[in-house]
Amino acid sequence: MKYISTRGNSTVDSTFDALLKGLSDDGGLYIPEKLPKVKFEKEEIEKFNYVDFANKIIGSIFDDIDKNDLRREIENAYATFEEDILPIKKLSNKYVMELYHGSTFAFKDFALSLLPRLIKLAIKEKNLEEKIVVLTATSGDTGSAALYGFKDVENTKIVVFYPTDGISEVQRRQMTTIDGKNTFAIAIKGNFDDAQSALKEIFTDDGFKEKLKSKKYVVSSANSINIGRLVPQIVYYYYSYYKLVEKDEIKNGEEISISVPTGNFGNILAGYLAKEMGLPIRDLICASNRNNILSDFINTGEYNVNREFYKTNSPSMDILISSNLERFLYYKLKDSESINKLMTDLKEKRFYKLDNLSIFNDIYGYSFNDEETIKGIKKVYDEFKYLMDTHTVIGYMAAEEYQKDENIKVLIASTASPYKFANSIAEALEIEQEGELENLKEIENITGIKLPKRFEDILNAEVTQNLVIDKSKMRDSILEVL
Ligand SMILES: *Cc1c(COP(=O)(O)O)cnc(C)c1O
């Protein structure tokens with residue numbers, strides 16, 4: 001597969017090159033030159049497990065990776081998950097895909113348990129002299145999933161930058177207690193956008209990259225700008241759709257819509273790619289928290305970063321500049337000149353506006369604030385005895401709004417375990433708040449929903465990473481770590 005940049009001035013000839021580079025040299029994002037159409041026959045639907053689905057879908061795009069290598073790495077990646085990799089729960093006319101049964105209890109494990117293994121293959125295949133240093137900015141969940149994924153992977157080092165504020169105690173502990181030989185978590189004074197923007201500058205800073213090269217390192221990214229993050233996420237939309245077919249919940253070919261709690265627009269974009277590849281998805285429902293820049297954009301055509309940034313109780317969606325939106329715009333506008341113009345406006349004016357809203361014909365945007373989020377968790381629990389985390393419930397509430405007008409079933413992406421954001425769950429269930437660990441246990445007592453033992457282990461583990469820096473010092477700390 002060849003990959004082209006959304007900004008039109010750069011291509012790479014192989015999947016391994018795209019995986020290793022992360023961001024394109026012209027500042028754009030790589031997309032596969034063409035998207036294959038994929039569907040599953042009746043016998044496949046009956047016979048295939050998650051790994052089989054992943055193998056067929058990922059293999060159709062990453063078609064230049066050796067088939068046996070790919071199959072093996074996919075098997076190993078998903079062996080780190082619980083036995084039921086992806087349970088699907090039915091709540092009336094909605095279905096919830098629980099994407100949180102991997103190592104760090106968030107959907108990002110689906111891509112980040114595989115990406116490091118593919119990067120390892122790429123290093124070997126390309127006979128690279130240099131080692132790879134993976135640089136990642138995180139709003140919480142990417143960081144822990146990437147650290148776990150890259151931990152002790154040969155010839156790689158990973159440096160994760162996370163904001164000091166706005167992440168949960170479980171998320172912080174997952175990062176600061178990591179004990180790989182090659183894993184580093186560094187706190188940045190500021191918010192996620194600060195860390196992500198500073199990192200994007202590093203990615204296009206040739207002088208700095210030369211400096212790293214002289215130390216025998218090349219940079220790559222584990223953020224969802226990397227195509228290796230996106231492609232594995234297409235799989236679960238397919239898998240869930242066909243599971244619903246198998247269980248006679250929907251007919252094969254029947255359209256459904258998907259609702260995705262959205263921050264950097266990666267997960268929902270994977271759903272859009274599934275649609276482009278032929279999965280019968282009608283609409284995409286983009287669910288935002290109080291940082292509702294995306295739902296505003298969908299409703300008005302104006303993408304305006306000149307607005308207040310809020311710290312919310314769904315911190316993994318506290319993002320104003322959604323990287324993957326650029327890929328979506330490219331697929332819709334099919335014109336890199338327009339993308340360049342929009343992205344220049346974004347950089348210079350922190351604002352852009354579309355002339356034509358027709359690209360939003362199959363996407364809906366809704367947003368909910370913290371209070372609605374807490375009430376939503378309580379309401380879903382009271383109605384179904386089912387617990388959703390603060391992000392997922394926003395997807396649920398968006399689906400509910402959408403279904404007031406549209407009579408169609410909705411598949412909701414449940415992006416994190418409720419236990420990952422225990423203090424908010426405790427608030428919703430009106431549990432006396434003491435500490436996060438006490439809350440976890442009390443939630444388990446009251447709801448009977450099993451607390452994974454790994455949660456406790458993480459909260460009790462020794463802190464090994466405690467560096468806090470100013471964002472202007474990111475380059476220095478990268479060099480120091482290497
Ligand atoms: C990362 C994350 C999101 C947002 O996903 P994007 O792909 O960035 O849109 C939503 N919920 C949780 C729990 C996350 O970790």
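Read the numbers this way: they start at 1 and go in the same order the structure lists the ligands and their atoms.
A salt bridge is absent between Arg172 and Glu436; no separation between the charged side-chain nitrogens and carboxylate oxygens falls under 4.0 Å. One finds no salt bridge joining Asp26 and Arg7 here, because no Lys/Arg side-chain nitrogen approaches an Asp/Glu carboxylate oxygen to under 4.0 Å.
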Could you list, one pair per line, each nitrogen or oxygen of ligand 1 together with any protein nitrogen or oxygen closer than 3.5 Å, giving atom names and the distance rounded to 0.1 Å?
{"unit_1": "ligand 1", "atom_1": "7 (O)", "unit_2": "Gly266", "atom_2": "N", "d": "3.2"}
{"unit_1": "ligand 1", "atom_1": "7 (O)", "unit_2": "Asn267", "atom_2": "N", "d": "2.9"}
{"unit_1": "ligand 1", "atom_1": "8 (O)", "unit_2": "Asn264", "atom_2": "N", "d": "2.7"}
{"unit_1": "ligand 1", "atom_1": "9 (O)", "unit_2": "Gly263", "atom_2": "N", "d": "2.8"}
{"unit_1": "ligand 1", "atom_1": "9 (O)", "unit_2": "Asn264", "atom_2": "N", "d": "3.2"}
{"unit_1": "ligand 1", "atom_1": "9 (O)", "unit_2": "Phe265", "atom_2": "N", "d": "3.0"}
{"unit_1": "ligand 1", "atom_1": "11 (N)", "unit_2": "Thr415", "atom_2": "OG1", "d": "2.9"}
{"unit_1": "ligand 1", "atom_1": "15 (O)", "unit_2": "Lys108", "atom_2": "NZ", "d": "2.5"}
{"unit_1": "ligand 1", "atom_1": "15 (O)", "unit_2": "Asp141", "atom_2": "OD2", "d": "2.4"}

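A cation-pi arrangement is absent between Lys56 and Phe53 under the rule of less than 6.0 angstrom and at most 45 degrees off the ring axis. Taking the ring centre of Tyr396 as origin, the terminal cationic atom of Lys94 falls inside the region bounded by 6.0 Å and 45° from the ring axis.
Relative ring orientation between Tyr352 and Tyr303 is described as parallel, the plane-to-plane angle staying below 30° on a 0-90° scale split at 30° and 60°.
Shortest non-hydrogen contact noted between Phe265 and Asn324 is O-CB, 3.5 Å.
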